[in-house]
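Down below is the structure, laid out as structure tokens.
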Amino acid sequence: MKTNTPPVRASLQFYNSLTRHKAPFHSENGRQVRMYTCGPTVYNFAHIGNFRAYMFEDVLRRTLRFAGYDVLQVMNLTDVDDKTIRGSLQAGVPLKTFTQPFIDAFFADLRSLNIEPAEFYPAATDHVPEMIALIQRLFANGLAYQSEDGSVYFKVSAWPSYGKLAHLDLSGLRAGARVAQDEYEKESVGDFALWKAWDEQDGDVAWDSPWGRGRPGWHIECSAMGMKYLGETFDLHTGGIDNLFPHHENELAQSEGATGKPFVHVWMHCAHLRVNGEKMSKSLGNFFTLRDLLARGYAGRELRYVLLNGHYRQPLNFTFDAVEAARTSLARIDEFVDRLRETAASTPADPELPGWVAEIQRQFCAALSDDLNVPEAMAALFALVREGNSAMQNGSLRPSEAAATLAQVTDMDGVLGLISFGRRDARAMPADVAALLEARGAARQAKNWAESDRLRDEMARLGWEVRDGKDGQKVKKL
RNA sequence: GGCGCGAUGGCCGAGCGGUUAGGCAGAGGUCUGCAAAACCUCGUACAGCGGUUCGACUCCGCUUCGCGCCUCCA
């Protein structure tokens, strides 16, 4: 069915970390948008702070699709670095054996949050040849050198635009507060590793390269894999704000240093998640993985709601109160959708939307188009809920209009991903509950309210809620 | 020290130079046998002090408090 989505495509605008301004978004390839999103380092279970970033990227992706674009998204899996190597050594298993369960867990977590899958999830260990090739190009351009220990570094001093993303200047870097003492083999403290020579702590994790055995640096993996799947120049690159420096700055320098072309048009960064107003940390006891929260009985969609409902460039405060509020809010939305369905029955949707629905839809689009203002988009959704309920209550919403409204809600949910996901199935009523329902109906007919209430309580004890409306009893699985 | 961000009613959380954000919680009401749901009404919120302005939560400055990055943490 064709929905009445206004053309937001022309009006999308995003804040670009590179320019520090909002600007209208244009893809390089017309209909297709190519985006690279920094993925997890798979040495552990991801925590909810990580998922705030992945949620932001999900909204971005869904908004682009909503606006009519085809999205080609890459999310890398960092499966070789200090932490993964350390973990595998401690566990006494090969690297891949160590990381695989965390990769599986990561995908399971994405599913429980209804985060749409990316098109590609390349693993670093599968792309070492591409990284080596890229480093060779940097050598050819005079931007890389090998130190005495065999490691290869990027020569920041040879790349004048270094610092343009993080807006840092090199003199500041040199005076940096944290200068590692063991970095003497670098020519300059600002230089970063492209290739790390093997040392004992790497165990058997090593690849052959023109510079001897070793392993790739962290930054080079994103450059190599981004280019492999998206080309040497692409539209969007996202990540958490803490990736901005040094990771993204380094990636940018490497990539443009190798190709001589612009690497990414728009860089977008998501602010941190806080928990009860504090930074999440193990010592504060407020460090939660997604699994921790699911185990506490919170549903994925409730957590999705919480993670979604803030502007991505603003720190978001995670509280358990907020999850409780999300639960109630979702119940209201669910209630509304059910009611629309009942009102619509199987009536075909009006081709014309009721005026007030069209207006709300317009606001919804405008909010998202303006640098992904999800809270405002949510406000529009709730305006629809309120006015829709009101119209259904006074009987002024015709079934065909209800059907059209439902189609709009479904359309909006393409971005929000809240409605058609994660609701407990309305399982078939067990025979005992059905019997109670029937008995209650009879009691009600006889105006035996005491018996009616008793049966309602009994059903509640079995996990079924019953409500009385104009057209009889309605049952819902709790 | 450098670069940057924030302080909104009980909680979460948008926003704008002058007109309601929204959600949750709370109070009252309508409906209902009751309950639930739904709808209606209700909060003199914009850290403090100055300034600009006819008018500032919204711009500027200062102060206080909090936060992020400054070599591998989303």
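Being a predicted model, the structure only gives us computed values, none of them experimental. The sequence lines fix the lettering, A, B, ..., with proteins before strands; numbering per chain opens at 1.
Nearer to the 5' terminus of RNA chain B, by closest-nucleotide assignment, is the contact made by A/Leu316 (compared with the other of A/Ala450 and A/Leu316). With RNA chain B read from its 5' end, the first of the two nearest nucleotides for A/Leu273 and A/Pro246 is the one closest to A/Pro246.
Aromatic pair A/Tyr153/A/Phe192: centroids not less than 6.0 angstrom apart.
Using a 4.0 Å heavy-atom criterion, one finds that A/Thr41 contacts no nucleic acid atom at all. Among the atoms of the strands shown, none is found under 4.0 Å from any heavy atom of A/Leu381. Residue-level contact check: A/Glu249 touches neither bases nor backbone, having no heavy atom under 4.0 Å from any strand. Within the 4.0 angstrom heavy-atom criterion, base atoms lie near A/Arg456. Residue-level contact check: A/His247 touches neither bases nor backbone, having no heavy atom under 4.0 Å from any strand. The residue A/Arg274 sits close only to the backbone: its heavy atoms come under 4.0 Å of sugar-phosphate atoms, none of a base. Within 4.0 Å of A/Gly239, counting heavy atoms only, lie sugar-phosphate atoms of the nucleic acid but no base atom. Among the atoms of the strands shown, only primed sugar atoms or phosphate atoms (P, OP1, OP2) are found under 4.0 Å from some heavy atom of A/Glu335. Looking at heavy-atom distances under 4.0 Å, A/Glu324 makes no contact with the nucleic acid at all.
Following rounding to the nearest Å, A/Arg313 (CZ) and B/rG4 (C1') show an atom-to-atom distance of 12 Å. Rounded to an integer number of Å, the gap from CZ of A/Arg327 to P of B/rA37 is 15 Å. If you take CZ of A/Arg467 and P of B/rA36, they are 10 Å apart, rounded to a whole angstrom. With rounding to whole Å, A/Asn276 atom CG is found 11 Å from B/rC11 atom C1'. The CE-C1' distance, from A/Met412 to B/rG22, rounds to 13 Å in whole Å. Atom P of nucleotide B/rC5 and atom NE2 of A/His167 are separated by 11 Å, given to the nearest angstrom. Here B/rU71 presents its P atom at 16 Å from CG of A/Leu165, a figure rounded to the nearest Å. Going from atom CD of A/Glu387 over to atom C1' of B/rG23 covers 16 Å, rounded to whole Å.
Side-chain contact, A/Ser223 with A/Gln254: a donor N or O sits under 3.5 Å from an acceptor N or O.
Checking the phosphate oxygens (OP1, OP2) of B/rG23, a side-chain nitrogen or oxygen of A/Arg332 falls inside 4.0 Å. Within the structure, a side-chain polar atom (N or O) of A/Asn389 is placed less than 4.0 Å from OP1 or OP2 of B/rC39. Residue A/Lys279 has a polar side-chain atom (N or O) positioned under 4.0 Å from OP1 or OP2 of B/rG68. Look at A/Asn309 and you won't find any side-chain N or O under 4.0 angstrom from OP1 or OP2 of B/rG23.
A salt bridge is defined here as a Lys NZ or Arg NE, NH1 or NH2 lying under 4.0 Å from an Asp or Glu carboxylate O, and A/Asp468 with A/Arg440 meets this definition. Between A/Lys22 and A/Asp370 there is a salt bridge, since at least one side-chain N of the basic residue sits less than 4.0 Å from a carboxylate O of the acidic one. A salt bridge links A/Arg291 with A/Asp109: the closest approach of a Lys/Arg side-chain nitrogen to an acidic carboxylate oxygen falls below 4.0 angstrom. Between A/Glu221 and A/Arg215 no salt bridge is recorded (no basic side-chain N to carboxylate O distance below 4.0 Å).
For the C1' atoms, the distance from B/rC3 to B/rU20 is 38 Å, rounded to whole Å. For the C1' atoms, the distance from B/rC62 to B/rU19 is 32 Å, rounded to whole Å. Using atom C1' as the reference point in both B/rU30 and B/rA35, the two lie 16 Å apart (nearest Å). For the P atoms, the distance linking B/rA14 with B/rA21 amounts to 15 Å, nearest Å. B/rC57 and B/rG28: their C1' atoms are spaced 29 Å apart (whole Å). Separation of the C1' atoms belonging to B/rG15 and B/rA7 is 16 Å when rounded to the nearest angstrom. Here the separation of B/rC24 from B/rG61, taken at their P atoms, is 39 Å to the nearest Å. Comparing the C1' positions of B/rG22 and B/rU8 gives an interatomic distance of 14 Å, to the nearest angstrom.
Aromatic ring pairs are classed by plane angle as parallel below 30°, tilted from 30° to 60° and perpendicular above 60°; the pair A/Tyr312 and A/Phe56 is parallel. Relative orientation of the A/Phe106 and A/Tyr54 rings is perpendicular, given thresholds of 30° and 60° on the angle between their planes. The aromatic rings of A/Trp267 and A/His248 lie tilted to each other, with the angle between the two planes from 30° to 60°.
Evaluation of atom-type donor-acceptor distances gives no pair under 3.5 Å for the side chain of A/Lys83 against the base of B/rC72. At a cut-off of 3.5 angstrom, counting only N and O atoms as typed in the model, there is a donor on one side and an acceptor on the other between the side-chain of A/Asp453 and the base of B/rG33. Not a single donor-acceptor pair, N or O on each side, falls under 3.5 Å between the base of B/rC39 and the side chain of A/Asn394. Between the side chain of A/His311 and the base of B/rA14, no donor-acceptor pair under 3.5 Å is found. With hydrogens and angles ignored, no donor-acceptor pair under 3.5 angstrom links the side chain of A/Arg20 to the base of B/rG4.
Other residues, nucleotides and ligands place no more than 12 heavy atoms under 6.0 Å from the CD atom of A/Glu438.
Comparing B/rC39, B/rA25, B/rG33 against the side chain of A/Arg386 picks out B/rC39 as the nearest. Set against B/rA14, B/rU71, B/rA74, the side chain of A/Asn243 has B/rA74 as its closest nucleotide. Out of B/rG23, B/rG6, B/rC39, the shortest distance to the side chain of A/Gln393 is found at B/rC39. If you check B/rG33, B/rC11, B/rA74 against the side chain of A/Asp321, the one that comes closest is B/rC11. When distances run from any side-chain atom of A/Asn317 to the nucleotides B/rC12, B/rG68, B/rA74, the shortest one goes to B/rC12. If you check B/rC5, B/rC70, B/rA74 against the side chain of A/Phe245, the one that comes closest is B/rC70. Of the candidate nucleotides B/rC24, B/rC11, B/rC73, B/rC11 has the atom nearest to the side chain of A/Thr319. Side chain of A/Glu376, nearest nucleotide from B/rA74, B/rA21, B/rA35: B/rA21. Of the listed nucleotides (B/rG33, B/rC39, B/rA14), B/rG33 has the atom at the smallest distance from the side chain of A/Asp468. Among B/rC24, B/rU71, B/rG13, the nucleotide with an atom closest to any side-chain atom of A/Ala325 is B/rC24.
Ring stacking holds between A/Trp449 and B/rG33, with the centres under 5.5 Å apart and the planes within 30 degrees of each other.
Under the Watson-Crick or G-U wobble criterion, with both distances below 3.5 Å, B/rG26 is paired with B/rC42. Searching all strands for a Watson-Crick or G-U wobble partner of B/rC72 with both distances below 3.5 Å returns nothing.
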